[in-house]
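Here the structure is laid out as structure tokens; the discussion comes afterwards.
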Amino acid sequence: MSIRKKLTVLLLSITLIPLIGVALFYQISFRATVQKVTDDMREVLGWHAHAAMEQVLGNFEDRLRVQANLLESLVEIQQKEVEHYLATSPRPFDLQFSDEYFGLDAALTPPPKLHHDYLVFSDSGVPDTLTVDFTRQSIFWSKGASLPQVARDAARLANLTPVYYRLYFRDPDVILWQYTALENGLIATFPAGNTLPADYDPRERSWYQGAKKSRAIYWSYPYIDASTHELLITISAPVYRPGGRFAGITAIDLIVTEIFHLSQLDPNLTRGAEAVLISAQDSLTTDSLRIYARAHLNTEESNWITPLQAEFLTSSNREQFVSLVTDMREGRGGIRKMKYHGEEALWVYRGFTDKKVYPILIVPYRNVVALAQKTEENILTKNVQWFSLALIFAVLVAIVAILIAINRSKAFTEPIRRLTRVSQKLARGNFDVRVRINTGDELQELGEVFNQIGPRLKEREQMKYSLEAARAIQQRLLPTEDPHIENFEIVGLCHYSDETGGDYFDFIPVNGQLIVALGDVSGHGIGAALLMATARTVLRSSVRQYSGDLSRALVETNNILAVDTAPEKFITLFCLALDPKTRQCSWASGGHDPAFWYRKQSGRVEQLAGDGIPLGFLTGMKFSQTGPVKLEKGDVVVIGTDGIWEAENREEEMFGKERLQKIIVENADKSARDIGKTVVQAVKQFCGNISQQDDITIVVLKVV
């Protein structure tokens, strides 16, 4: 019998018998009970409900004012801290690693449990959990931002992490995000993990403009968060640089639904109730009241770009509603019975004084009647006898149900406990543990599947260690430092797409020359890494054997690789012989794409091409050496692998050689290392959040 059937039998045996007994007994008791309710009791209970609602509204408003003052104080502290750090001298900061290390403070302790569900929504509306980190910040910058300015201010704002952390946990139930957005386009958010749309610019948001124009703390109207789609209110304050120049704003995002908390009122009374905050300054007529915020708001047709449509509170009971508005304007509170969405309701309100927003509680009148009816039923003395009998019967049924549950559940729970025990051993790293379950149902199938997990995890762990060892060995094969030679800056960069890869670059000094080699093995992974290591060893030996003669060195390397390499495996190779004193270079290519030669004098990019085929196909192939050509001061030579120009973005558009040449021209005045970093960063930015599909390797030579 399957577990589902067993559980069905168990649940029926535990619940069906007592439910039938209770239902029958309730019917007998209900029919025997005489319903006597007096008008006086209804009136008394109604007044009690009025008093309770007035008290709850008063308590809610008091908590609202206290919380608003607290949050404004937190924003003021955050404002002063931001201005303090903006006035400090920045330390060196590399934007390339900002996503992982920005504002990292290892002394902070992440909370054991999040106060909110941090969710992000895809374009199709599917939610996914955001991984937030309370020990650091996230950094973004808007389009057109000046990166040097952003880097300097980012270095300053990185010190704010403990400040945000301390302020956040002053009111964690309401606060969702804290951030600072500067006029130069920099955005730093806390906790880390926030995501922003590509076209998001905080300087265009109402909470930014409001604080900037008012030059004081600004409370925004509710809006949809760009990342989590939560309904938020932002408290923002302007920040200034030394001398009073406007720098930007710092802000705290509040979750609107957390502001409305009516748990202190009887839930039977608040079922279907509506709580709203009214904007006093925007309610200029007696026809309606402008809603500042409400506990329940339909945001399905809204988005973060479009502001929410203004809502107004009104009632079909025109005279009563006008009287309510008049009371509020004259500073009087009270309770009025009016219709709300076609249903009779009690409106509890406070009078306007000197505040911006005021709460109104709207409770369906049927709740008051239902509460009175329930109270009357509880005091009816005729139910005492039937209740006593029902209690005795319920106890007997409970005893029978417990005995049945204990007897029937043991057979179900023992295999689960056994599986739990061995699972704990597996979690501690004992991959040889096994479980024996012989129930003949899905639990036995689950045990058999579990027994297959340990060996597979063990194999995966061993493979992980092997890959880590292979990666460490391969990294040692690449040059550990850039060569320092006369008249030249030379740098090599390599980013593998897997733990190991097939790209390779090398600097080989031979007879006063420097041989620069860059290769790309077909495929990537362990096989490509092994072929790369072999090719490196053979090439180094051949280059030294033939004293820097590139054509003979490639012939020798090809002959050796072709004998030992499978037909589907090959390597493209580009070698360049550089004479530091004369600034002359010659080159030879084994099926590799041409190098790019930026000529400072003409401002154009030429290609250093070769006619050889990839190495490892056939023995006896010839390779020609081209050159020499003389490089002038300011010239730049870039050698790369196809992982650069064949990188694709989400639209399957390639990065392309034209884009690479444009980057070389625009950055030719920078150092060789900066040129290389700029190319790699441009490729990754072009691909966006798509994972790297191929190894990226680049060697940059610049004449200085």
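Heavy-atom basis, side chains included; hydrogens, waters and symmetry copies ignored. It should be emphasised that the depicted structure is a prediction, and the values quoted were computed from it without experimental measurement. Residue numbers count from 1 along this sequence.
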- prompt: Do you know the tightest heavy-atom contact between Thr250 and Tyr179?
  reply: OG1-O, 3.2 Å
message: Between Ile139 and Ile187, does the side chain to side chain contact (heavy atoms under 4.5 Å, CB included) criterion hold? Intermediate values first, please.
response: CA-CA 6 Å; Ile139 183 172; Ile187 315 164; over 6 Å; no
- prompt: Can Tyr200 and Thr195 be counted as having a side-chain donor-acceptor contact under 3.5 angstrom?
  reply: no
message: Let me confirm one number: the CZ-CZ distance from Arg152 to Arg156, rounded to the nearest 0.5 Å.
response: 7.0 Å
Thr557 side chain to Asn559 side chain, donor-acceptor N/O pair below 3.5 angstrom: no
Minimum-distance pair of heavy atoms, taken over all atoms of Leu576 and Cys585: CD2-CB, 3.9 Å
query: Around Arg604, counting heavy atoms of other residues, nucleotides and ligands shown, do more than 12 lie under 6.0 Å from its CZ?
result: no
task: Nearest 0.5 Å please: distance from the CE atom of Met532 over to the OH atom of Tyr504.
output: 8.5 Å
- request: Please name all residues satisfying ring-ring contact (aromatic ring centres under 6.0 Å, His included) with Phe488, sequence neighbours left out, ordered by chain then number.
  value: none
message: Surrounding CD of Glu486 (heavy atoms of other residues, nucleotides or ligands, distance under 6.0 Å), is the total greater than 12?
response: yes
message: If you apply the rule side chain to side chain contact (heavy atoms under 4.5 Å, CB included), what do you find for Val699 with Val638, and how did you get there?
response: CA-CA 6 Å; Val699 173; Val638 175; over 6 Å; no
- prompt: Are Asp199 and Lys143 ion-paired here, with the side-chain N under 4.0 Å from a carboxylate O?
  reply: no
Closest heavy-atom pair and its distance - Ile663, Asn667: O-ND2, 2.8 Å
Carboxylate-amine/guanidinium proximity below 4.0 Å for Arg673 and Asp482: yes
query: Donor-acceptor pair, Asn487 side chain versus Val703 backbone, under 3.5 Å?
result: no
- prompt: Do Tyr164 and Thr180 pass the side chain to side chain donor-acceptor pair (under 3.5 Å) test, and can you show the C-alpha distance, the side-chain angles, and the key distance before you say yes or no?
  reply: CA-CA 10 Å; Tyr164 287 137; Thr180 298; 2.6 Å; yes
message: Whether the side chain of Thr161 engages the backbone of Arg136 through a donor-acceptor N/O pair (distance < 3.5 Å, no angle test) should be reported.
response: no
- request: Enter the distance from Glu556:CD to Leu561:CG here, rounded to the nearest 0.5 Å.
  value: 10.0 Å
- request: Apply salt bridge (Lys or Arg N to Asp or Glu O under 4.0 Å) to Arg599 and Glu632, showing your working.
  value: CA-CA 8 Å; Arg599 306 190 70 172; Glu632 302 297 337; over 6 Å; no
query: Backbone N or O of Ala668 within a donor-acceptor pair of the Lys702 side chain at under 3.5 Å?
result: yes
Glu489 and Lys670 ion-paired at < 4.0 Å: no
query: Judged by modelled atom types alone, do Asp105 and Thr135 share a side-chain donor-acceptor pair under 3.5 Å?
result: no
- request: State whether Glu183 and Arg203 are salt-bridged, where the test is any N-O pair (Lys NZ or Arg NE/NH1/NH2 against Asp/Glu carboxylate O) under 4.0 Å.
  value: no
message: Can you confirm whether Gln625 sits close enough to Trp587 that some side-chain heavy atom of one is under 4.5 Å from a side-chain heavy atom of the other?
response: no
- request: Considering non-hydrogen atoms only, spot the tightest contact between Arg659 and Met654 and give its length.
  value: NH1-O, 3.5 Å
task: Enter the distance from Trp141:CH2 to Gln149:CD here, rounded to the nearest 0.5 Å.
output: 14.0 Å
- request: Kindly give the heavy-atom pair with the smallest separation between Val704 and Lys633, and that separation in Å.
  value: C-CE, 3.9 Å
- prompt: Between Asp503 and Thr697, do the side chains contain an N or O donor and an N or O acceptor separated by less than 3.5 Å?
  reply: yes
query: How about Val700 and Ile664: do any of their side-chain heavy atoms sit closer than 4.5 Å?
result: no
- request: Check whether the side chains of Asp225 and Trp177 place a donor and an acceptor atom closer than 3.5 Å, and report yes or no.
  value: yes
message: Between Gln693 and Ser691, do the side chains contain a donor N or O and an acceptor N or O under 3.5 Å apart?
response: yes
query: So do the side chains of Gln178 and Tyr168 get within less than 4.5 Å of each other, counting heavy atoms only?
result: yes
field: Contact summary for Gly519 and Leu573, nearest pair of heavy atoms
entry: CA-CD1, 3.8 Å
query: Thinking salt bridges, do Asp579 and Lys630 make one under a 4.0 Å N-O criterion?
result: no
message: Would Asp520 and Asp695 count as a side chain to side chain contact (heavy atoms under 4.5 Å, CB included) here? Give the steps.
response: CA-CA 9 Å; Asp520 185 0; Asp695 304 333; 5.6 Å; no
- request: Take the angle between the ring planes of Tyr165 and Phe190 and call it parallel below 30°, perpendicular above 60°, tilted in between.
  value: perpendicular
field: Passing option when Leu701 is tested against Leu578, Ile675, Val636, Leu514 for side chain to side chain contact (heavy atoms under 4.5 Å, CB included)
entry: Leu578
message: Please report the interatomic distance CG(Leu554) to CZ(Phe574), rounded to the nearest 0.5 Å.
response: 10.5 Å
message: Do Leu539 and Thr537 make a side-chain contact, defined as non-hydrogen atoms from C-beta onward lying under 4.5 Å apart?
response: no
message: Other residues, nucleotides and ligands only: do more than 12 of their heavy atoms fall within 6.0 Å of CG on Asp117?
response: no
- prompt: Within a strict 4.5 Å, meaning less than it, do heavy atoms of the Glu652 and Ile690 side chains meet?
  reply: no
- request: Take Ser227 and Asn194 through the side chain to side chain donor-acceptor pair (under 3.5 Å) test and state the conclusion after the steps.
  value: CA-CA 7 Å; Ser227 58; Asn194 196 0; 2.8 Å; yes
- prompt: Within a strict 4.5 Å, meaning less than it, do heavy atoms of the Leu157 and Leu86 side chains meet?
  reply: yes
Residues Asp674 and Lys677 bridged, charged N to O under 4.0 Å: no
- request: Quick one: do Ser551 and Asp549 satisfy side chain to side chain donor-acceptor pair (under 3.5 Å)? Show the steps, please.
  value: CA-CA 6 Å; Ser551 60; Asp549 188 332; 2.9 Å; yes
- prompt: Does a donor on one side chain and an acceptor on the other come within less than 3.5 Å for Ser624 and Asp611?
  reply: yes
message: Do Phe140 and Thr189 make a side-chain contact, defined as non-hydrogen atoms from C-beta onward lying under 4.5 Å apart?
response: yes
query: Ser589 side chain to Ala609 main-chain N or O, any donor-acceptor pair under 3.5 Å?
result: no
- request: State whether the side chain of His592 and the backbone N or O of Gly640 hold a donor-acceptor pair below 3.5 Å, judged by distance alone.
  value: yes
query: Between Cys687 and Glu648, is any pair of side-chain heavy atoms under 4.5 Å apart?
result: no
field: Derivation and outcome, side chain to side chain contact (heavy atoms under 4.5 Å, CB included), residues Trp645 and Asp593
entry: CA-CA 11 Å; Trp645 46 82; Asp593 290 271; 3.5 Å; yes
